[in-house]
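By convention in this document, chain letters (A, B, ...) are assigned in the order of the sequence lines, proteins followed by strands, and residues within each chain are numbered from 1.
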Amino acid sequence: MIIKRQLKEIVKKEMLIMLRDKQTILLLFFMPLALIFFMTLAFKGLYADKIYEKQIPTVIENESNSPKANLLEKKILLNKLIKRVELPPDMDKDRIFEYGEAQVLVVIPKGFEEGTKPVELYFDPVFDTGYKIAVRSMMTGLTVEVVMGIENIDAIVGNLITEKTKKEMDVPSPLQLTVPAYAIFAMFFIAIPMSIGFLKEKNDGTLQRLFTYCVNPNVIALGKIIPYYIINIIQFVLMLFIGAFIAPYVLGIPFQMGTHVWHLIPVTLVVAAATTGFGVLIATLARTLEQTSTLAATGAILMGALGGIMVPHFVMSHAMQKLAMISPIFWAHQSYLDVFLRNAEFSTILPKLAVLSLFALACFYIAGRRVKWM
Amino acid sequence: MKALEISGMSFSYNSPADKLTSGGIEYALHNFSMSVDKGNIHALLGPNGAGKTTLMKIVTGVLRGYSGEFFVLGNRMPDNTALTSIGCAPQAISLYMPLTALENLHFFGVMANLSDEQISERSDYVLAQTGLTDHAKKLVSAYSGGMQRRLNLAVALLHSPKLLLLDEPTVGVDPQSRHHIYETLIKLNSSGITILLSTHIMEEAARLCSNVTLLDTGKTIFDGSMSAIENLEKFFLEKTGRGLRDN
């Protein structure tokens, strides 16, 4: 009874301290929300439909002006992928991409219609490979149509190859990745206020007072862990709410919850345990307030970078994809993607949750061994 | 009966391995003994690093791993019941700055296992004692240094302790607050509370305390009546030397 009352009071005290600290609120709630919005917009191009969602500024140089060359130019201009841009006549063609006005240069040379000279394609060196493939494919199709006198090559090819992907699964929306990614990232940032709180109490003598009152050290530790665990869960629910119901309207980008929404409950409970464990570990490793901020922030950023938060996992090199597996953020992110995008069965998610649980247990164990309050 | 009795206490922050690696253990307290009579205000004096704060931490149960023994109000320590008869105001302001004075008092009251009625009653009393009644609902972060020191003392008094340990209770406060704290300590002592006062202010110790223990490098240098000392500061410097204590 006494323990329950003391525990309740410690939790209440921690909550009050946290909620009255504007910097902590900004760090835990507004930073990830801002990141979700900004990173979703930034990733929009990466996840866009390469054929229909973006127009590529293209310079077309028709040096031939033969009927076939003019027909090819017309067909290129009619394609939704292409937006023609004109460059000043005195502009150096070799330096065309330096000015940032165009990303593709198409040259239809003299002799094209005789088949003696091929159509030339030049790409901006920083041009996305996905778009490069799309432009190359489009140009191949159109050139074959013009040279061979075919009206619509897609109609012919359509009998040989057809795409059957479900419409809603066509292209993953960047929101699908950024919402869980930055929610997890923010959850790991809980280590900063958590460890600062632990250390402050150790340094300012409030812990000394508590020991004078014979408060059980486990009650003190639990009383400090519970509120941060709850805050972690609130963080995720808030991020999900914004990501699923508000961001799609603001950004015009869809978000799908997946077919097994209830899987989010065990996943979030385990992820919150891992993040809280990380916080406790930092609190016991750090000796000064400066160390707590540095260790917690650097740790979260490194785990985030490795775990596919800043650069999506599928974009990473094979070696980095393997290395990512050492980051708990990778397992947390993949668990959420299993729910949102892959509609995975719980048995598929379970091994990932086991890894996260092990991480949490290891953190709590090491922290328990290191704590030197007495 | 003695309020506090310590005999042959030794304590080191070094781990046993340090003995091998650094050639020996450095003691914060070494074979230290002292006693505080019930009903007294007893000064604990010593230069920086003498071991005063370590001693306070051991008595309040924060530090373990000492050798020797000590008794609080006749109870051999560690003893949880006896521990609750100690009130402690650490050297640092040991309060939660984002909480109000009342919230701090309620929190520590629950930790001391007081009922809500007791907390309410005692909070009113200790706030009045420390002159903070009108500021009870203000955040501690908005308090002046002197007010924070007084609240630090108020929290130590909340659970009606019989032995009060004060570690430099007037450091950094203005003469008005310092004077108020002195008055409060005298009143508390006259109500039967024993006080162990650790301070660097010789005038404070001479004014308030009937007995003094002088501590240096973890050892007792002097333990006796204040009345036997004519000039405390001169006596302190004679006993502990004039060299700077920068380590």
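The choice from B/Asp167, B/Asp116, B/Thr81 that makes the most heavy-atom pairs within less than 4.5 Å of chain A is B/Asp116. Of the listed residues B/Pro78, B/Gly87, B/Pro98, B/Ala156, the one with more heavy-atom pairs under 4.5 angstrom with chain A than any other is B/Pro98. Chain A forms the most heavy-atom pairs under 4.5 Å with one residue out of B/Leu139, B/Asn104, B/Ile93, B/Val59, and that residue is B/Ile93. Heavy-atom pairs under 4.5 Å with chain A peak, among B/Gln91, B/Met97, B/Lys57, at B/Lys57.
Once rounded to the nearest 0.5 Å, the distance linking CG of B/Asn113 with CD1 of A/Ile2 reads 4.0 Å. Rounding to the nearest 0.5 Å gives a distance of 12.5 Å between CE of B/Met111 and CZ of A/Phe211. Here A/Tyr213 contributes atom OH and B/Leu158 contributes atom CG; the two are 6.0 Å apart, rounded to the nearest 0.5 Å.
A/Cys214 and B/Asn80 get closest at one heavy-atom pair: SG-O, 3.3 Å. Residues A/Gly205 and B/Pro90 approach most closely at O-CG, 3.9 Å, considering heavy atoms.
One finds no salt bridge joining B/Glu103 and A/Lys12 here, because no Lys/Arg side-chain nitrogen approaches an Asp/Glu carboxylate oxygen to under 4.0 Å.
Proximity of a side-chain donor or acceptor of B/Ser94 to a complementary backbone N or O of A/Asp204 within less than 3.5 Å is detected. With A/Arg209 contributing its side chain and B/Cys88 its backbone, the two residues share a donor-acceptor pair below 3.5 Å. A distance-only check finds no donor-acceptor pair linking the side chain of A/Glu9 to the backbone of B/Val110 [under 3.5 Å].
Side-chain contact between A/Ile17 and B/Leu99 is present, with at least one heavy-atom pair separated by less than 4.5 Å. Contact annotation: the side chain of A/Thr206 approaches that of B/Tyr96 to within less than 4.5 Å [non-hydrogen atoms, C-beta and beyond]. Side-chain contact check for B/Phe108 versus A/Leu210: some heavy-atom pair is nearer than 4.5 Å. Between A/Ile10 and B/Phe107 there is a side-chain heavy-atom pair separated by less than 4.5 Å.
Both the backbone and the side chain of A/Arg5 come within less than 4.5 Å of a heavy atom of chain B. Using a 4.5 Å cut-off between heavy atoms, A/Asn203 contacts chain B through its backbone alone, with no side-chain atom that close. Contacts of B/Leu114 with chain A are made by backbone atoms alone, with heavy-atom separations under 4.5 Å and no side-chain atom involved. B/His159 touches chain A through its side chain: at least one heavy atom from C-beta onward sits under 4.5 Å away, while N, CA, C and O do not.
In the displayed structure, A/Ile3 atom CD1 is contacted under 6.0 Å by at most 12 heavy atoms of other residues, nucleotides or ligands.
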